[in-house]
Amino acid sequence: MARRKSKAKQETELFQGLAGLAMLGGTAGTYSLTNSWKVSICVGVLGVIGVISLMVSLQRKRMKRLKRSGIAEIDQMDGFQFEQYLGHLFRSQGYKAEVTKAIGDFGADLILVKEGKRIAVQAKRYSKNVGIKAVQEAQSSIAHYGTDEAWVVSNSEYTSAAYELAKSNKVRLINREILIEMVLAMKDRGVVTVEAFSEIPINQNTCPECGNNLVKRSGSRGDFFGCNSFPKCRHTAPMK
């Protein structure tokens with residue numbers, strides 16, 4: 001089954017088609033009026049240049065938008081950080097957001113509550129497309145957590161199979177483009193974004209037991225380093 005094309009790829013293919021039409025249409029149309037190949041080719045080339053200029057302008061705007069959203073920083077987060085950040089993001093939208101204690105064990109990483117509706121959210125900080133397993137786990141979390149619906153949120157895209165399964169199971173998929181829009185909307189409201197959540201890796205310390213990042217945590221005895229895969233790994237280290 002073919003995968004869905006990203007919005008950027010769709011726009012690139014559109015502009016390639018427009019450039020071809022500008023060249024052929026401009027050349028043919030001008031020749032029918034002037035009977036001059038030289039003039040016709042010049043008009044066609046100018047049309048292509050115009051399309052390319054528009055494409056470059058839109059690409060610059062897109063890059064500026066991506067930089068403003070902080071999506072590059074989100075791409076560098078580990079799974080635990082991404083969950084914490086999504087909690088902050090949804091709270092800015094008026095949800096009561098709670099990160100589940102058993103991270104990933106029962107198909108939901110966060111539980112959202114708003115206007116009496118409970119939503120189970122599975123967070124997928126991926127560098128590749130998210131498949132049907134995430135949809136299956138999210139759907140199964142509804143019964144376990146007693147929620148009204150389930151969402152999957154990712155900084156990436158989903159496979160076509162995932163979209164198809166999500167549609168039949170009424171699971172909402174929030175992809176990279178939607179996530180960027182949500183982050184920008186939060187920023188427009190003056191809410192601090194990537195810098196706001198506190199669970200960040202310190203000096204890229206690595207857990208000696210499982211290899212995951214150590215993150216700053218707080219306890220009754222003060223701050224310390226803890227493995228971000230807790231409770232699967234319970235390694236801790238003192239702050240230096």
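Quick caveat: nothing in here was measured; it's all calculated off a predicted structure.
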Open item on the list: Are Ile119 and Ile142 linked, directly or through intermediate hydrophobic residues, by side-chain heavy-atom contacts shorter than 4.5 Å (ILVMFWY only)?
Closed with: no
Task: Listed partners of Lys114 passing salt bridge (Lys or Arg N to Asp or Glu O under 4.0 Å), at least two apart - done: none
- [ ] Looking only at non-hydrogen atoms, find the nearest pair between Ile111 and Arg118 and report the distance.
- [x] CG2-NH2, 3.8 Å
TODO: Identify, with sequence neighbours excluded, every residue that meets ring-ring contact (aromatic ring centres under 6.0 Å, His included) alongside Phe90.
DONE: Tyr95, Trp151
Task: Inter-residue atom distance Leu173.CG - Glu157.CD, 0.5 Å rounding - done: 9.0 Å
TODO: Rounded to the nearest 0.5 Å, what's the gap from CG on Leu86 to CG on Asp109? Could you check?
DONE: 8.5 Å
- [ ] Return yes if some donor-acceptor pair links the side-chain N/O of Thr100 with the main-chain N/O of Ala108 below 3.5 Å, else return no.
- [x] yes
Task: Non-neighbouring partners of Lys117 that pass side-chain hydrogen bond (donor to acceptor under 3.5 Å, both in side chains), sequence neighbours left out - done: Glu149
Task: Value rounded to 0.5 Å, distance of NZ in Lys124 from CD in Gln122 - done: 4.0 Å
Open item on the list: Holding to salt bridge (Lys or Arg N to Asp or Glu O under 4.0 Å), I want the full list of residues that pass it with Asp148, two or more places apart in sequence or in another chain.
Closed with: none
TODO: Examine distances only and state if a side-chain atom of Arg125 and a backbone atom of Glu83 form a donor-acceptor pair shorter than 3.5 Å.
DONE: no
- [ ] Could you grab the distance from atom CD of Gln76 to atom OG of Ser127, nearest 0.5 Å is fine?
- [x] 10.0 Å
- [ ] Examine distances only and state if a side-chain atom of Asn155 and a backbone atom of Asp75 form a donor-acceptor pair shorter than 3.5 Å.
- [x] no
TODO: Determine the minimum heavy-atom distance between Ser92 and Leu89, stating which atoms define it.
DONE: OG-O, 2.5 Å
Task: Spacing of Gln139 atom CD and Asn169 atom CG [to the nearest 0.5 Å] - done: 4.5 Å
Task: Heavy-atom closest contact (Ala150 atom, Ala138 atom, distance) - done: CB-O, 3.2 Å
Open item on the list: Nearest 0.5 Å, please: how far is CD in Gln84 from CG in Leu110?
Closed with: 8.0 Å
Task: Test item: Tyr158 side-chain N/O and Ala166 main-chain N/O as donor-acceptor pair under 3.5 Å - done: no
Open item on the list: Testing the basics here: between Ile132 and Ala162, what is the closest heavy-atom pair and its distance to 0.1 Å?
Closed with: CG2-N, 3.6 Å
Task: Nearest heavy atoms of Ala97 and Leu112, plus distance in Å - done: CB-CD2, 3.5 Å
TODO: Mind checking side chain to side chain contact (heavy atoms under 4.5 Å, CB included) for Ser156 and listing every partner two or more places apart, or none if nothing turns up?
DONE: Tyr126, Asn129, Ser154
Task: Derivation and outcome, side-chain contact (heavy atoms from CB on, under 4.5 Å), residues Val171 and Val152 - done: CA-CA 7 Å; Val171 174; Val152 183; 4.1 Å; yes
- [ ] Please tell me if the side chains of Arg176 and Ile71 come closer than 4.5 Å, counting only heavy atoms from C-beta onward.
- [x] yes
